[in-house]
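Since this is a predicted model, take the numbers as computed values, not measurements. Along the sequence shown, residues carry numbers from 1. Hydrogens, waters and symmetry mates play no part in the numbers below; they use all other heavy atoms, side chains included.
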Amino acid sequence: MARLQLSKATLSRERQNLASYKRYLPALEMKRQQLRQALKDREAQKAKLLSEIEETIRRVATDIPMLADSGVDLDGVAQLDTVLTEEKRLAGVPVPVVKTITITPLEWPIMQKPHWVMPVQQALMSLIRLRVESEVLALQVERLRQALRKITQRVNLFERVLIPKTQSNIKRIEVYLGDRAREAVVTAKISKKRLHAVLANAENQIGSEREAGGIVP
């Protein structure tokens, strides 16, 4: 670590740094608040989707008790084909958002499966869509959390390290320069007093020489 130079030039630089830190900190804090709100909103949406998934499962299980019949093959009645996402910025953070979800329903002869399989198929398609959306929201939440952690680290760096250290440096330099200034004043007073004493002594010698006739007026 470089030794702090106790000088007026360093004092000026530290004061400039402190002004910059205090000017930049509110922008960081505002960014952090935006990220917190965006994260809170996405977490709420995610919780809502998960609740909707659980409610759909409960409702279907209650309304269609025939699902308990393991003899009816339900594999593949609804197939997720493609999920297309695009990147958008949320509170300045790039996050994925769902663009297209393609789900293919299985077709079968009308007499091949019980009539209740059709509503189950529709419910499964809805559940697949909800599950994909919840997973994309989970990605959004994770990216926002990462961004929030980084911005919080920067805020803490300014609040707990840079600003206090710079203020401490300024105080240390000001105390040092103040001490030097007071010492200079004291030294100047002593020098002035001594000079007066030397001058007075010289004047006394001149007077003595004059009285002794050594100096001709």
* To do: Using the side-chain contact (heavy atoms from CB on, under 4.5 Å) rule, take Val97 and Leu90 through it: C-alpha gap first, then chi angles, then the decisive distance, then the call.
  => CA-CA 10 Å; Val97 295; Leu90 187 61; over 6 Å; no

* Residues Glu174, Arg15; criterion side-chain contact (heavy atoms from CB on, under 4.5 Å); working and verdict -> CA-CA 11 Å; Glu174 287 177 338; Arg15 284 172 173 170; 2.6 Å; yes

* Starting from the C-alpha separation in whole Å, work towards a yes-or-no answer on side-chain contact (heavy atoms from CB on, under 4.5 Å) for Thr85 and Lys99. => CA-CA 5 Å; Thr85 62; Lys99 186 176 181 181; 5.7 Å; no

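Between the side chain of Arg143 and the backbone N or O of Val93 there is no donor-acceptor pair closer than 3.5 Å. Judged by distance alone, the side chain of Gln121 and the main-chain N or O of Val77 form a donor-acceptor pair under 3.5 Å. Judged by distance alone, with hydrogens and angles left aside, the side-chain atoms of Thr187 form a donor-acceptor pair with the main-chain N or O of Glu183 at under 3.5 Å. A donor-acceptor pair is defined here as one N or O able to donate and one able to accept, closer than 3.5 Å; no such pair exists between the side chain of Ser51 and the backbone of Ala47. Proximity of a side-chain donor or acceptor of Thr10 to a complementary backbone N or O of Gln5 within less than 3.5 Å is detected. For the pair Lys31 (side chain) and Ala91 (backbone), a donor-acceptor distance under 3.5 Å is present. Distance alone, capped at 3.5 Å, is enough to place a donor-acceptor pair between the Thr56 side chain and the Glu52 backbone.
Counted by atom type alone, Gln37 and Gln33 present zero donor-acceptor pairs between their side chains at under 3.5 Å.
Checked for salt-bridge contact, Glu55 and Arg58 meet the test: a charged N lies under 4.0 Å from a carboxylate O. With salt bridges taken as basic N to acidic carboxylate O contacts below 4.0 Å, none links Glu54 and Lys48.
Looking at heavy atoms from C-beta onward, Tyr21 lies out of side-chain contact with Gln167 at the 4.5 angstrom threshold. Contact annotation: the side chain of Leu148 approaches that of Arg32 to within less than 4.5 Å [non-hydrogen atoms, C-beta and beyond]. Residues Val95 and Leu139 are not in side-chain contact: their nearest non-hydrogen atoms beyond the backbone lie 4.5 Å or more apart.
Partners of Thr100 according to the side chain to side chain contact (heavy atoms under 4.5 Å, CB included) rule, which considers only residues two or more places apart in sequence or in another chain, are Leu84, Thr102. Residues passing the side-chain hydrogen bond (donor to acceptor under 3.5 Å, both in side chains) test with Glu86, sequence neighbours excluded: none. For Asp179, the side chain to side chain contact (heavy atoms under 4.5 Å, CB included) partners are Val175, Arg182, not counting sequence neighbours. With sequence neighbours excluded, no residue satisfies side-chain hydrogen bond (donor to acceptor under 3.5 Å, both in side chains) with Gln16.
To the nearest 0.5 Å, atoms CG (Leu177) and CD1 (Ile170) are separated by 12.0 Å. In this structure, CD1 in Ile151 is found 4.5 Å from CG in Leu28, a value given to the nearest 0.5 Å. To the nearest 0.5 Å, the span separating CZ on Arg180 from CD1 on Ile173 amounts to 13.0 Å. Taken to the nearest 0.5 Å, the CG atom of Leu162 stands 9.0 Å off from the CG atom of Asn17. In this structure, CD on Glu29 lies 6.0 Å from CD on Glu159, to the nearest 0.5 angstrom.
Figure legend: Arg172 and Tyr176 shown without cation-pi pairing, the cationic atom not lying both under 6.0 angstrom from the six-membered ring centre and within 45 degrees of its axis.
In this structure, Ile190 belongs to a hydrophobic cluster whose other members, linked by side-chain heavy atoms under 4.5 Å apart, are Val186. In the hydrophobic clustering, Ile101 connects to Leu80, Val83, Val98, Ile103, Met125, Ile128, Val132, Val136, either directly or through intervening members, whenever side-chain heavy atoms lie under 4.5 Å apart.
With a 6.0 Å radius and a threshold of 12 heavy atoms from other residues, nucleotides or ligands, Arg145 has its CZ atom above the threshold.
Ile163 and Val155 fall within the same hydrophobic cluster, where Ile, Leu, Val, Met, Phe, Trp and Tyr residues are linked whenever their side-chain heavy atoms come under 4.5 Å apart, directly or through other members.
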